[in-house]
Colleague: 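A single structure is presented below for examination.
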Amino acid sequence: MHKNKYALIVVDNTSANTDKVFTYVIPEEIINYVEVGKRVLVPFGKGNRLLEGLVIEIVDDIDFIPNKLKSIKKVIDDTPIISKKLIELGLWMKDKYLAQYIEVFKTITPTGISNKVIKYIKITEKCKYAYKGSLDEKQKKIIEYLFELKECELSKLKADLRIKNINIHIKALEDKGLIELFDKINTGIGKKYEKFVKRIFDKDKTTEIIDSLSKNAVKQIEVIKILNDVEYIKLKELMLKANCSYSTIKSLYSKGLIEILDINVDRSPIKEYIPPYKKVSLTEYQKLCLDTIINDISKGNINKFLIHGVTGSGKTEVYLQLIEKMLSQDKDSIVLVPEISLTPQTVERFVGRFGNKVAILHSRLSIGERYDEWRKIKEGKVKIVVGARSAVFAPFNNLGLIIIDEEHENSYKSSMNPKYSAIEVAEKRCDLENAALVLGSATPSIETYYRAKNGDLKLLEMPTRVNKTKMPSIEIVDMKKELEKGNKSILSEALFKAIKDNLHNKKQTILFLNRRGFSTFISCRKCGYVVKCSECDISMTYHLDNNVLKCHYCGLSVKPPITCPECGSRYIKYFGIGTQKVEEYIKKIFPSAKVARMDVDNTTKKGSHERILNDVKNGEVDILIGTQMISKGLDFPNVTLVGIIAADISLNLPDFRASERTFQLVTQVSGRAGRGDVEGKVILQTYEPEHYSILASKEHNYKKFYDMEIKIRKEFNYPPYTSIINIVLGSKDEIKLKEVSKEFYFCLVNALERSFRKVRDDLILGPNPAPIYKIRNNYRYQIMIKCRDEEIQIVKKILKDLVINKKNDKKFRNIKISIDINPTSII
DNA sequence: AGCACGCCGACT
DNA sequence: GTCGGCGTGCTC
């Protein structure tokens, strides 16, 4: 007798209650086609509607036979879209970040590849002749509607007719045999095709053919001439070259001289020619670093490394030569870079060295482009992937190396479910696939450095710059003293003078301010009213270019008030500075200087980023003003001065990582100065010149900063000594939220008390209104858990059960519960 | 989520 | 009686 096989399937259905693995019977006819990692269609729920599912395991036996086991309907993929190793990684992520199966696997498999099953409805042959007198009004309406369209999407019919209880009527009509329901599978994006023209006449008969054409057929002759030189040409290109229309080509086609073909092309996101990026000889430190890594990997000593290299120490060259080593062993490499530094400059280095062996993945790719890159990786056409966070899931089968550059960057943490850290995921993936992990940074995160010191990663230092230039000197300017001197402007005397000198010497300057817009808040001088976003608990930022107040959380724009909405006075004043104001001010006091600004407000369009950087490169910019965006990766030898307008912005945030972030920013931005022959200079303006994070960055002394910071972390029980679990409850109903947050808190405390004999005082904090109390009209309450390594599994289990329990609780309807394990920020 | 079942009030 | 509204519970 045939023995059944069963597939364990994650069904595409987002609900706390369906977040389970479902078992289906594999019908014998398709047993050879069902494989782990392929998607299938399965009947689900009472209506047996077809849903997509991912096969994550195939088993011969199941512990118990649930009474009504259903069968797989259809296999979608020819080959698995996800490897067993990546499935394992996904299951690990689900547990680690308390996410749902479906969320995890949607993250790992590329977006846009998902097939949608769409229900269609049509009328039957029988219906055309059948007597319809027995139908009620609503059913008649449906039939009439379908008579026009013959068939249509079920959802469209429902939306157009808006009949109540429509399902019952549809079922009745189906039973009578008047209509039929069927499914169509939408295969998502297809491959890209482009029209090509092929010459099918003999090359040496070209003149003969030209003679045979009418003398009036100037364009056709031109086309033939072009085709004399090339056999294949893109239709668009040919039309452009010959300056002709499609009809010219068509007439040549009808004469049988050419063929028009649809050829599958890859949408290549690398559009321009990229010059080769030459291999350079390594400095002593680079060589030591490279050799240590290669040696350790081959001996199997350790496979995780942290390169702590100062800005300009040439980490990229080490990465490149490591990848080269991997290539020689036929192994694949993944390079992760922060989203904002995924600029052409970064890409050029990898593509310039390895050419078409490189695929690029980042958020600005269209769905089609992303799918093409994904397919190239999957099919083994490329060996290297350079990309942002999600590139950690690149579907390689022979992974040898994952490199994470600028390891401390918070863009490696996802803000959406699963709220994963690409660093932790990369580490896990390396363990699973026996690959090596290399992290690199000039300012490693405290957590990573701590782990390196503990021996979890091997620490490699690169303390000097490649071209032996000195680190830039940093001058700290106390802005309180400037104020005492009577200088109320944005620039201190020292910075003003330095910019002036730099302009005179034809050197470039970068001015950094981590805040966009013009004024950060506007307020009434009479009553103190501050304009806040109506949807969020955030003061609105004034933007000069289109004269609006913008909320930087929800994007809402309003016209600035002329009189105070509270007291009616006209004393509305604009406070705080943003990059736009700096730009305006600089243009005013240095009218002859060429000034450019770079922040999210003017780089959203494709290519705008590149344009600004090119202008800087070509010397068409004297002063570049920008936010975080300009803090990393930029390498312009003529930039000798960096001005940090206000280092305090990041320092004063109510977040335990504020000092760390400030140190990182100052170090990174400073690193932009003096990359050429002339020593760089940094002028740092602050109201807190004695702060340890400012002082340590002045000395370029990471270790000094680390030693200070780690003591504070220990004292206050912050990471790396604990893991933080941040629970945010959100709702539009403020009163209900407050109540429910308390209830959630007490349930949590109760459960914790049952599991731990004694609950530490600072294990669980809250519930407090979140630092940003309202976003997009959603009120937010926060509960924070600081737990030690040995506690975390139990705490997560408790939380998971509690959340599922509460999601089924009527009281928690319309309450969103978001859990973030080790968030990058607790604001 | 989405679908069916089942209870209960309004109305022919 | 019975139509339709809505709350409840389950999905291999």
Colleague: Side chains of S723(A) and K786(A): do they bring a donor and an acceptor to under 3.5 Å?
Modeller: no
Colleague: Is the distance between the ring centroids of F105(A) and F393(A) under 6.0 Å?
Modeller: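 No, too far apart.
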Colleague: For nucleotides 8-11 of chain C, give me every protein contact, N/O to N/O, under 3.5 Å, one pair per line with atom names.
Modeller:
residue, atom, partner, partner atom, Å
dT11(C), O3', G45(A), N, 3.3

Colleague: Quiz question: by atom type and distance under 3.5 Å, do the side chains of E535(A) and N777(A) form a donor-acceptor pair?
Modeller: yes
Colleague: Scan side-chain atoms only and decide if N417(A) and Q100(A) contain a donor-acceptor pair under the 3.5 Å cut-off.
Modeller: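 No - no donor-acceptor pair under 3.5 Å links their side chains.
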Colleague: Under 3.5 Å, is there a donor-acceptor pair between the Y6(A) and E57(A) side chains?
Modeller: no
Colleague: Assert yes or no for the condition that the ring centre distance of F744(A) to Y781(A) is strictly below 6.0 Å.
Modeller: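 That pair fails the under 6.0 Å test.
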Colleague: Return the value, rounded to whole Å, for the distance between atom NZ of K73(A) and atom P of dC12(C).
Modeller: 12 Å
Colleague: Taking atom C1' of dC12(C) as reference, at what distance in whole Å does atom CD of E52(A) sit?
Modeller: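 Going from E52(A) (CD) to dC12(C) (C1'), I get 17 Å.
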Colleague: Taking CG from D19(A) and P from dC12(C), how many angstroms apart are they, rounded to a whole number?
Modeller: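 For the pair D19(A) CG and dC12(C) P, the rounded distance is 15 Å.
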Colleague: Could you state the CG-P distance from N4(A) to dC12(C), rounded to the nearest angstrom?
Modeller: 17 Å
